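Worksheet for the structure shown next.
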Amino acid sequence: MFSVRPILLLYVGCSLSFPLTSINKRDVPDFVRQYAPVAYLCSTEIYFPSDIGAQIAHTHPEDASGATITPPAALTLSNLDSLNAFADSGTNVYLTSNEGIQALPSWFRGTRPQSDGSTPSTVASAIVTVSKPNDIVDAFYFYFYAYNQGNWVLGSPALEFGDHVGDWEHTMVRFVSGAPTAVYYSQHSGGEAFTYATTEKGPDGVRPVVYVANGTHANYATVGPHDHTIPNLNTEAGPLTDHTDKGPFWDPLVSAYLYSYDNSTGVFAAYNGVDPTAWLGFAGRWGDNELPDSTPGQIDVFGEKKYVAGPTGPRDKSLGRRAVCPDGDSCDVKSSLAP
Ligand SMILES: *[C@@H]1O[C@H](CO)[C@@H](O)[C@H](O)[C@H]1NC(C)=O
Ligand SMILES: *[C@@H]1O[C@H](CO)[C@@H](O)[C@H](O)[C@H]1NC(C)=O
């Protein structure tokens, strides 16, 4: 991805005004835009889509022990993978909020979309296409939020589980010969998939709709309450429930970075030759580490905690999956929206 094609070097010599990036510029396939999902956030949401680069500006890297890591240069989306030189090849690096998770700084709240669905000055989405055998293209639509508020057990704010800084969610549309066939919705550690024909469509009658759960931003195909359980949590504590409704409209396509990913080489390439790519290689976490049990305010019930570690980024979301659902996840592609 950092190599420069020989032909480009020739141009450097004879015409500095030649736009170098145009050499590598390609168009994303039309169908990737045409069938990009549209989102409805929950009407009571307060943690909105957030700028991916701003997360770096508001955080500093720490290792698992909480020691600050000093990278060779100030971090940006164009060098974030420099952190892979630290803490177990980057896997134990945490982009840690400068204020601390419990302070709930205002930047956790992201950008409320305008009525046309846009998020001015905020790039909260990255689209990654992956070409696969049998004329398949999987388009992953990633959504970023600065903060994930976990759900309340038994409706009690005193029993809130799974708060974390940084939140990556995705939908994936599988295209076969350019036609959309199935849509995957990420939800907590798993997800659900439906045939494209089954999904609700947005205002244009073509783009699938994703309902984003209040606080957790889990992706659902329908409105309403959605129960989900935390593995190992004592069921007597009651189910955790995600809420979705047709609140603010968000069109993640309006400001999104666009990439292709080569599953055989592991290389991401920007369609416009300009969007930063290094951040996609970062192996660490996009938020604070979980708080120790000794921290006032931390709750630990059977290992389920109120403040948990932030997630890893897009490269960890089974981009090379063969089925519609991530490898190791045996969800079916359903042809009914009924639960
Ligand atoms: C959504 O989250 C906000 C912020 O915590 C909360 O005030 C509101 O009650 C939640 N809505 C639902 C439907 O749970
Ligand atoms: C993508 O690469 C991984 C790792 O090499 C491999 O296991 C997987 O089968 C590949 N996916 C496809 C669709 O070829």
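What you see is a predicted model; the values in this text were computed from it and never measured. Every number for a ligand or one of its atoms is a count from 1 in the order of the listing.
Annotation: atom 7 (O) of ligand 1 to nearest protein heavy atom, Thr44 O, 5.0 Å. Closest protein heavy atom to atom 5 (O) of ligand 1: Gln149 OE1, 2.5 Å. Here the heavy atom of the protein found nearest to atom 4 (C) of ligand 2 is Asn263 ND2, 4.8 Å. Of all protein heavy atoms, the one lying nearest to atom 9 (O) of ligand 2 is Arg322 NE, 3.0 Å.
Of the N or O atoms in Pro133, none lie within a sub-3.5 Å distance of an N or O in ligand 2. Checked by distance only, ligand 1 and Trp152 stay at 3.5 Å or farther apart across all their nitrogen or oxygen atoms.
The main-chain N or O of Thr96 is found under 3.5 Å from a side-chain atom of His60 such that the two form a donor-acceptor pair. Between the side chain of Tyr211 and the backbone N or O of Gly247 there is no donor-acceptor pair closer than 3.5 Å.
Residue Glu45 does not touch ligand 1, judged by heavy-atom distances below 4.0 Å. The part of Asn214 lying near ligand 1 is the side chain, judged by heavy-atom distances below 4.0 Å.
Remark: ligand 2 atoms within the under-4.0 Å shell around heavy atoms of Lys132 are 13 (C). Ligand-side atoms of ligand 1 in range of Ile46: 4 (C), range being under 4.0 angstrom from any heavy atom.
Scanning all heavy atoms of the two residues, the minimum distance from Val301 to Phe161 falls at CG2-CZ, 3.8 Å. Between Pro311 and Gly166, the closest heavy-atom pair is CD-O, 3.0 Å. Of all non-hydrogen atoms in Val333 and Thr195, the two that sit nearest each other are CG1-N, 3.5 Å.
His170 and Tyr184 have their aromatic ring centers within a separation under 6.0 angstrom. When ring centroids are compared, Tyr47 and Tyr147 come within the 6.0 Å threshold.
Protein non-hydrogen atoms do reach within 4.0 Å of atom 14 (O) of ligand 1. For atom 2 (O) of ligand 1, a protein heavy-atom neighbour is present inside the 4.0 Å cut-off.
Between Arg321 and Asp329 there is no salt bridge, since no side-chain N of the basic residue sits under 4.0 Å from a carboxylate O of the acidic one.
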